[in-house]
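Order of the sequence lines sets the chain letters (A, B, ...), proteins ahead of strands, with each chain counted from 1.
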Amino acid sequence: MDDELDNFRLETRAWLEANCPSEMRDGAKGEDAICWGGRNWVFSCEAQKLWLERMAAKGWTVPTWPQAYGGAGLTRAQDKILTEEMQSMGARLPLQSFGIWMLGPALLHFGTHEQKLAYLPPIARGEIRWCQGYSEPGAGSDLASVQTRADIDGDSYVVNGQKVWTSYADKADWIFALVRTDRDAPKHKGISFILIDMTTPGVSTRPIRLISGQSPFCETFFDDVRTPRAQRVGEENRGWDVAKYLLNHEREMISGGGGGLLGGRPLGAMLAATEGGLTDATLRAEAVACEVDTLAMALTLERYKDQAETTEIGDASAMLKYAGTELNKRRYELMMKVRGADALRWDEGDAEDWLRTKANSIEGGTSEVMLSIISRRVLGLPG
Amino acid sequence: MDDELDNFRLETRAWLEANCPSEMRDGAKGEDAICWGGRNWVFSCEAQKLWLERMAAKGWTVPTWPQAYGGAGLTRAQDKILTEEMQSMGARLPLQSFGIWMLGPALLHFGTHEQKLAYLPPIARGEIRWCQGYSEPGAGSDLASVQTRADIDGDSYVVNGQKVWTSYADKADWIFALVRTDRDAPKHKGISFILIDMTTPGVSTRPIRLISGQSPFCETFFDDVRTPRAQRVGEENRGWDVAKYLLNHEREMISGGGGGLLGGRPLGAMLAATEGGLTDATLRAEAVACEVDTLAMALTLERYKDQAETTEIGDASAMLKYAGTELNKRRYELMMKVRGADALRWDEGDAEDWLRTKANSIEGGTSEVMLSIISRRVLGLPG
Amino acid sequence: MSLLPTEDEIMLADTARGFLDAAAPVSHLRGLRDAGMTHDPALWAEMVAMGWAGVLVPEAQGGADMGHAAAGVLAREMGQTLVSSPFLSTAVMAATALRQVANTRANDALRQIADGTRIYALALDEAAKHDPAKTELQAEADGNGFRLTGAKTFVVDGGFADRVLVLARTTGGLTLFDLPTDRKGITRKTQAMIDSRDAVDLDFDAVSATGDDVLGHVDDAMTVLAPALHAGQAALAAEMTGLAARALAMTVGYLKERKQFGVPIGAFQALQHRAAHLWSETEITSSAILNAGRVLDSGDDATLAVSLAKARATQTAQLAVQEGVQMHGGIGMTDAFDMGFYMKRARVSAEWLGDYSYHAERVARLRGF
Amino acid sequence: MSLLPTEDEIMLADTARGFLDAAAPVSHLRGLRDAGMTHDPALWAEMVAMGWAGVLVPEAQGGADMGHAAAGVLAREMGQTLVSSPFLSTAVMAATALRQVANTRANDALRQIADGTRIYALALDEAAKHDPAKTELQAEADGNGFRLTGAKTFVVDGGFADRVLVLARTTGGLTLFDLPTDRKGITRKTQAMIDSRDAVDLDFDAVSATGDDVLGHVDDAMTVLAPALHAGQAALAAEMTGLAARALAMTVGYLKERKQFGVPIGAFQALQHRAAHLWSETEITSSAILNAGRVLDSGDDATLAVSLAKARATQTAQLAVQEGVQMHGGIGMTDAFDMGFYMKRARVSAEWLGDYSYHAERVARLRGF
């Protein structure tokens, strides 16, 4: 068994050495280095395109997905080795997307074989870029209060309403969305989970400017949008099951996946690089405490990933989301303090990153909602 | 005006110099140095007795109370000067008691002239020691859920029930207590505030051992205790008004009066005295932050005292109680960390003090209750 | 020394509030930013007309001479709506520095500050952290005068100031120069600051200065500069407290109005307690602010009082904006909503004139740590 | 290296829990204290019989040789009910030290640890803070042997130990001695510790030691002691995590059961969120504990993993007992209730073998700060 893994490691290393273009080995992790894919994607260079194609052909854009759907069917142990080998050579991720992180897992769990065949391979190849349509204006933490209507008309839904906080909706090809298909049912019971092509007439988007100056989110409007009922995932009016599954998944992802927590700059290096930073006793003490907690959080993410191999993490993912995002905010507050006046100019980029982290504890369920989930479902407190 | 105050300062200084026994000028502030007074009081030395008598004769055990009731009728400015002069010569307080802190102010506000004449001078002279009977077993933060009954029988009440957390009830001469005089009224409306001689048949006490090993609190039992109705303060069934007034007062006191916050050892000195303490970067950073907050809290207490001269502090006293006690707990946690293994032995006394502070944020209304008061009554949040 | 505001101070605050809510709400700063501007000369002219530019200028030089507590009252009100103006650099710091020097040039400068014809900036810092002792900009002796070479950063209001107070190293210590910003050899480089206000880097390339350009005495900058810094730090702390108070008020307002799960979110106890804690922090910090103003006005050494105020204000303002954004949820993250402006200003103010560590450490040293 | 407990570890924990809940609940410690005792030889004999004393002793010496992760599992369960036993000092630390020395004396000692006939204490600290590098107790050369003079403090289990490992300064560095506690010149002074366990001060007045008494090599204590300290720190961290978990469980239980204003106090959101935060902290700390056990068992350098575990466990345990007392209100302050025992033990454990600062600083140095 260990031998097999050792062999896998050697093969993987050799393949990566042979196939990863040198431009893709710079370890870059910022927004600029991400390949999101999609119909309108413009590759930053030929190497980016080549790297995506080679990895997709190998099934390694989504290593643990079944081969039938564009993956490589790797075990968790193999996947870990692949990640380690990529990291040790500084290889960029060939593709990142909400299709990989969110829709893929939901389809693997709830989709029909036909749906999986139709949607998963284009995600794996980076051909279709997805966005997520959950939140609505005014709903906030009360995600189940979906107002966007999908009225049945023959084989179609006619969708009307508005979503908000749809990440990169202006750049996405398709959206997976929660819509209300039964207005008379209790609020969790009349929701369906449907897939909509963003080019369908009646879909429009408007970017939201954030305090960081960036606009990674949009408002998305649906005005008599007709979409086939076959594009529903899961049963009609049972979309909340899909949503809950995805929410748990999203929490795990935000807490540390996608390069979030662990992909950030290591604290020691970040501070050591700053003139005078660590000579300040108060800041140093804060940094030391932050490093301790960061290391423990990283181990916790590892532990939960180990656990996820055999059992559902379930509600405890709320802890990962809560603690991971609060820690990330703390790291960036600390970074701003250490960098002092140098970080107060837009051109440095630090401030943008810092302000971006403030959304960590809001998006995908606020810290307050996470704590309430832990309180009720993990600790069994009343309420 | 300033001249008058300057004169007062000079006269005060001269009188103190002439009258404060040298043994009472050691600046001692611990439990052992306190003179609580009362029928059973045993003076630690002749000087303690003399000091009490001289100060009481001058009205300076309760400097701001009217002369008619044993005080000296000092203004706040004069009182401040007296305090400053006593501190600068290291003079001990001649007398401390719940009569001075709690019952006195309540009687001055709600008592009849006869009641004031009867009860205040013995408090001022340290002849009668009072304790407070508010809390009941199981009531916790819900102080108004008073179960101790006072049934009317002619000119008397017949009291039955149990109080808990009565400070030094085993050493006190009298108790002021909340009792239920109307069991049919809404819970805040059937309470009366009455005074009971602890030697009355049917009164008994049992000390409660705390985690610090000390027993400053008792359970107090009333078993068919007959007490005159004339010993009620305020109107019948309106005792909650007196209680509320006293609760506000108590909060201010706990937050910083009675030597609590400001009377503690200064942080810098405390730390500087500890071998190796301040060379530890993390502890030093914590101590620095604690010192900043301690100074700001001290100024806040001063500011609120200034304000109390002209207006009621009211609900904002909840902030003083909350912030003052939380800060005090933090100070003692820090002290324990700094003193390390030296503070882990009972004989050092540090641990006792530290464990004692854990009650600060519980007694006189928990921090949680204080925050709720601020939230609702100061910020106007719903609930 | 009472820590309560006097009736005059209460009136001054009310007047300021009324004026600023009308003339300089947050939307005014937003408008400047969207127009690519960092300040509004017309607004400053109105503030000058109200006597605010002369708040610390002696009456003999046309000022109102109201003292530091009054300056703090004004700064606090300005902080509430994030007013962008040269009040701190010019009316508080430069005026205080100039008052330490009782000569004709300084008196003329004070008069010009009071009548609004002069705007000052302070060029102190050279690195990411405020620390005047680390000044490296050289003022070499050159005949009867000096030649200044080096660079300054984070010069607030430096982009539109007429004059700049420059801290430079001379043979025997530090010297403060009072120079026109258009002096030959001075180059300004505008920086896009996150709080949308003005701050520049200044480059000094063999800039000539005469003995008359020295404010106070050669090698003795701190006699003049220390009082100015104290005044500025106290006023900045007051401004941050106004910022925190308004951020809290916005948040409490939102908690009452915003509904989730069918009830106002302010009915959720966890949020209630956090809001109550934040209010407690603002109250405690206010005491330190009031105290700093009083001690400055008393003429006693104000180092401890000022550093206490700035340290507390820095922590409180940051807590207020962090809780503000979090409790507003998604809307708090949008540029369309004002809370982001508060967060960015709090960050800049946290660094300006010394961060929390700088001031807390000064408190600790003075308290015998 | 999986961070999940193995099936063996889960079984071991279950067995330990079952035994300790019956044989050594908190009331057992309370009973010892009320009787003026600090330990219970009968309880230790039972633990020996279950093989726990030999958890780190090689099978050749009659031990179970289960490794550090298993020792952590046991320590964690002991922490839940605040078991007072020489497990950490003897079965974990002394055994680990002796294993580093492959000679007959050490093997005999290991055998005696495993069969319960020897109890060890470690005499390391001389001041209020753990810091082996600051050892001043002198071991002067004296003929073929040494003469030890000095004083040790906070010697846990030193009151009833048969043997003591003494860290002493020799000409070229530090040397570890393995001495019987009744060696002439050693005086024990019992201390009334707040956690009701045993700890003494030891005075060394020209205590003679031979070369055979040296554990490992002269001037090279750390080769033997460092692994022992790592093992002890990891096990202590595990114990503290058990303590924190039980304090949390007691608190959550109380929140469900205790009513105020007509509802269980666990329905109040502010308390819910604090309990949830505390649970999160215990979960995160558990990962560091598991990791430390795994790294120790792997044979790799465990300094980082161990210090991370002790630092986190210290913070988490203290938060757990502070929240525990506060959320219990008045009853939490009474001696009749168990939470005070948890608070006092957490404080002692926070200091033993290095406090938060000590370990956090070590993490920082290893991470390149």
Side-chain angles (χ1 to χ4, degrees), chain A residues 76-77 80 255 266-273 277-278 284-311 315-316 318-324 326-327 367-383, chain D residues 1-5 248-249 251-253 255-256 259 263-292 294-295 304-305 307-316 356-357 359-369:
Chain A
R76 156 105 171 108
K80 223 166 156 179
S255 65
L267 207 56
M270 184 167 94
L271 301 181
L278 282 185
R284 190 178 188 285
E286 220 176 292
V288 169
C290 193
E291 180 73 1
V292 165
D293 294 341
T294 302
L295 290 172
M297 188 70 212
L299 289 169
T300 304
L301 291 169
E302 274 307 306
R303 177 160 74 90
Y304 272 84
K305 276 187 208 156
D306 286 342
Q307 190 187 316
E309 279 191 273
T310 51
T311 49
D315 295 318
M319 180 276 287
L320 298 179
K321 206 283 177 176
Y322 163 67
E326 292 296 333
L327 180 59
S367 284
E368 291 75 18
V369 167
M370 296 304 109
L371 288 170
S372 290
I373 289 172
I374 295 168
S375 161
R376 286 168 203 177
R377 302 203 206 136
V378 179
L379 301 179
L381 290 172
Chain D
M1 194 171 77
S2 165
L3 287 174
L4 300 179
L248 170 63
T251 304
V252 169
L255 292 179
K256 289 177 188 173
K259 289 195 175 165
V263 291
I265 59 174
F268 292 113
Q269 198 196 36
L271 298 186
Q272 291 180 342
H273 282 198
R274 281 160 54 185
H277 172 72
L278 175 56
W279 180 78
S280 301
E281 291 295 304
T282 61
E283 273 297 290
I284 295 165
T285 299
S286 291
S287 313
I289 304 301
L290 285 159
N291 181 61
R294 294 277 179 266
V295 176
L304 177 66
S307 278
L308 180 63
K310 178 65 164 70
R312 281 285 316 182
T314 297
Q315 299 299 71
T316 304
Y356 175 78
S357 301
H359 289 287
E361 192 51 47
R362 204 153 71 167
V363 167
R365 278 201 307 276
L366 290 167
R367 294 286 293 175
F369 277 50

Checking heavy atoms, do the side chain of [X], its backbone, both or neither come under 4.5 Å from chain A?
| X | answer |
| --- | --- |
| D:L271 | neither |
| D:V252 | both |
| D:Q269 | side chain |
| D:Y356 | side chain |

Any donor-acceptor N/O pair, A:R303 side chain to D:E283 backbone, under 3.5 Å | yes
Is there a donor-acceptor contact under 3.5 Å from the side chain of D:R362 to the main chain of D:L308?
->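 Not confirmed, D:R362 side chain does not pair with D:L308 backbone.
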Taking only residues two or more places apart in sequence or in another chain, which ones pass side-chain contact (heavy atoms from CB on, under 4.5 Å) with D:S280?
->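 By the side-chain contact (heavy atoms from CB on, under 4.5 Å) rule, D:S280 matches A:M319, A:Y322, A:I374.
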Please examine the side chains of A:V292 and D:R312, heavy atoms only from C-beta on, and report whether any two atoms are closer than 4.5 Å.
-> yes
Those residues that, when tested against A:R76, pass salt bridge (charged side-chain N to carboxylate O under 4.0 Å, His left out) (two or more places apart) = A:E302, A:D306, A:E309
Whatever's closer than 4.5 Å to a heavy atom in chain D on A:E368 counts as both
Examine whether an atom of A:A289 lies under 4.5 Å from a heavy atom of chain D, and if so say whether it belongs to the side chain, the backbone or both; otherwise answer neither.
-> both
